[in-house]
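A quick write-up on the structure given underneath.
Numbered from 1 within each chain, the chains take letters A, B, ... in sequence-line order.
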2 protein chains.
Amino acid sequence: MRLTTKGRYAVTAMLDLALHQGKGPISLADISDRQGISLSYLEQLFAKLRKQELVQSVRGPGGGYELKRDSAQINVAQVVDAVNESVDATGCQQKGNCQSGEICLTHHLWMDLSGQIHGFLSGISLADLVVRNDVQTVAQRQDGRATEELILASRSS
Amino acid sequence: MRLTTKGRYAVTAMLDLALHQGKGPISLADISDRQGISLSYLEQLFAKLRKQELVQSVRGPGGGYELKRDSAQINVAQVVDAVNESVDATGCQQKGNCQSGEICLTHHLWMDLSGQIHGFLSGISLADLVVRNDVQTVAQRQDGRATEELILASRSS
DNA sequence: TTTAATTCCTACTAAATTACTCGGGTAAAT
DNA sequence: ATTTACCCGAGTAATTTAGTAGGAATTAAA
């Protein structure tokens, strides 16, 4: 079962994209600033997200990334799956060869858990997250700070 | 979120204990043979399980481990928690300081997921697992093989 | 047409974690 | 006494994560 910073970063970045939808492509530099994720690392994650056709890119100045589908059509499980291998709690990638070719004592338990997690995460779309109160609050804080930094930067120039 | 071989081994070993309950203490060597887990590694895991008072030990010849509580009173979440730090999907150990002291955009999502996983695993006791068909089948295979090996060993001596 | 912004791509690396091994203890039964 | 088993701490190889580095390709705008 892998659910580490990698998967969390991916979901966070995708949610950032969903929140700033309709303003043209969003650059990874913006996401990096807002979410505090290293730019190079974001590039690697978005390479995978693009392969899975969850985002599309626009190159050149003013370019960036956009969701390839509507935010209601992208769920959290898809995003995590795109960057991790899978939301899988078994040790055998569900093959059932966990104990020298045969299934181990707890194989079905981990299969059930995997199903549970996948069911939960696939039931939550980016659109669902966007309208959540806690997400709105944090997003406002992040956008506010970004604006603040812009003002500070323009003053000092 | 950590759910790796470590946690799976712990649950498997505890289930082995539950399956062979009432036959006196079970040695780690037996569990190692049946479940294909390194003996030394099992020792480390059982040190933690003992600290959490999930098992008790009997030293000396004929010794081993027994469940400290009834198998119905021990759930899978407790076992995983005993060896991993926790079944926690957040990156901040639920402290909410994920983004430079404040909560990150997806904090509540991972809190919810953690709750979901914990709820699922804490709803399954060792006793529940023991009576499952798939567990029974594998247990029979494992016990059968152990007996077979005994016969082969006695023949070659 | 140059410049700058941006994605794209590959390789490398530091830190952490996992999944062990090793070597010696300590307690208790025979 | 000897053996069986738990107990304990240190060390280690492999893997993964998280991130760096450097550059090439693309394209909008100056």
Ignoring the backbone of [X], work out which of [options] is nearest its side chain.
{"X": "B/L28", "options": "C/dC20, D/dC6, D/dT17", "value": "D/dC6"}
{"X": "A/S38", "options": "D/dG19, C/dC8, C/dC20", "value": "D/dG19"}
{"X": "A/E43", "options": "D/dG19, C/dC8, D/dC7", "value": "C/dC8"}

With a cut-off of less than 4.0 Å, is there a side-chain N or O of A/K6 near OP1 or OP2 of D/dT17?
yes
Can you see if the side chain of B/Y9 gets near the phosphate of C/dC20 - specifically, an N or O under 4.0 Å from OP1 or OP2?
yes
[X] has an atom [atom1]; how far is it from atom [atom2] of [N], in whole Å?
{"X": "B/R50", "N": "D/dC8", "atom1": "CZ", "atom2": "P", "answer": "6 Å"}
{"X": "A/L45", "N": "D/dT20", "atom1": "CG", "atom2": "P", "answer": "13 Å"}
{"X": "A/I37", "N": "D/dT20", "atom1": "CD1", "atom2": "P", "answer": "12 Å"}
{"X": "B/D33", "N": "D/dA5", "atom1": "CG", "atom2": "P", "answer": "11 Å"}
{"X": "A/E66", "N": "C/dT6", "atom1": "CD", "atom2": "P", "answer": "14 Å"}
{"X": "A/L49", "N": "C/dC8", "atom1": "CG", "atom2": "C1'", "answer": "14 Å"}
{"X": "A/K48", "N": "D/dT17", "atom1": "NZ", "atom2": "C1'", "answer": "11 Å"}
{"X": "A/Y41", "N": "D/dT16", "atom1": "OH", "atom2": "C1'", "answer": "9 Å"}

Flag, side chain of A/Q99 to backbone of B/R34, donor-acceptor distance under 3.5 Å
yes
Would A/T137 and A/R141 count as a side-chain contact (heavy atoms from CB on, under 4.5 Å) if you check the C-alpha gap in whole Å, the side-chain angles of each, and the deciding distance to 0.1 Å?
CA-CA 6 Å; A/T137 305; A/R141 188 188 84 215; over 6 Å; no
Could I get the full list of side chain to side chain contact (heavy atoms under 4.5 Å, CB included) partners for A/A139, not counting sequence neighbours?
A/L19, B/L105
List in chain and number order the residues that pass side chain to side chain contact (heavy atoms under 4.5 Å, CB included) with B/T5, two or more places apart in sequence or in another chain; answer none if no residue qualifies.
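Side chain to side chain contact (heavy atoms under 4.5 Å, CB included) check on B/T5 returns B/R8, B/Y9.
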Under the side chain to side chain donor-acceptor pair (under 3.5 Å) test, residues paired with [X] that sit two or more places apart:
{"X": "A/D112", "answer": "B/R132"}
{"X": "B/R69", "answer": "none"}
{"X": "B/S114", "answer": "B/D88"}
{"X": "B/S57", "answer": "none"}

For B/S27 and for A/L39, find the nucleotide of DNA chain D with the closest heavy atom, then tell me which residue's nucleotide is more 5'.
B/S27
Ring pair (Phe, Tyr, Trp, His ring centres under 6.0 Å) pairs touching residues 114-134 of chain A, sequence neighbours excluded, are none
Using the ring pair (Phe, Tyr, Trp, His ring centres under 6.0 Å) rule, collect all pairs that involve residues 42-80 of chain A, keeping only residues at least two apart or in two chains.
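Of all non-adjacent pairs touching residues 42-80 of chain A, those that pass ring pair (Phe, Tyr, Trp, His ring centres under 6.0 Å) are A/F46-A/Y65.
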Strictly below 4.0 Å, heavy-atom distances to any atom of DNA chain D: list the hits from residues 10-18 of chain B, or just say none.
none
Do any of residues 54-65 of chain A sit with a heavy atom less than 4.0 Å from DNA chain D, and if so which?
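Nucleic-acid contacts, sorted: A/R59, A/G60, A/P61.
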Validation row: A/M14, A/L67 side chains within 4.5 angstrom (heavy atoms):
yes
With axes from five pairs an end, tell me the bend angle of the helix from C/dT1-D/dA30 to C/dT30-D/dA1, nearest 10°.
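The end-segment axes of the helix from C/dT1-D/dA30 to C/dT30-D/dA1 are tilted 10° relative to each other.
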Could you check whether A/S40 gets within reach of a base, just the sugar-phosphate, or nothing at all, counting any heavy atom under 4.0 Å?
base
Applying salt bridge (charged side-chain N to carboxylate O under 4.0 Å, His left out) to A/K68 and not counting sequence neighbours gives A/E53
Is A/Q44 side chain donor-acceptor paired with the D/dT20 base, going by distance under 3.5 Å alone?
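Between D/dT20 and A/Q44, which were checked side chain against base, a qualifying N/O pair under 3.5 Å is present.
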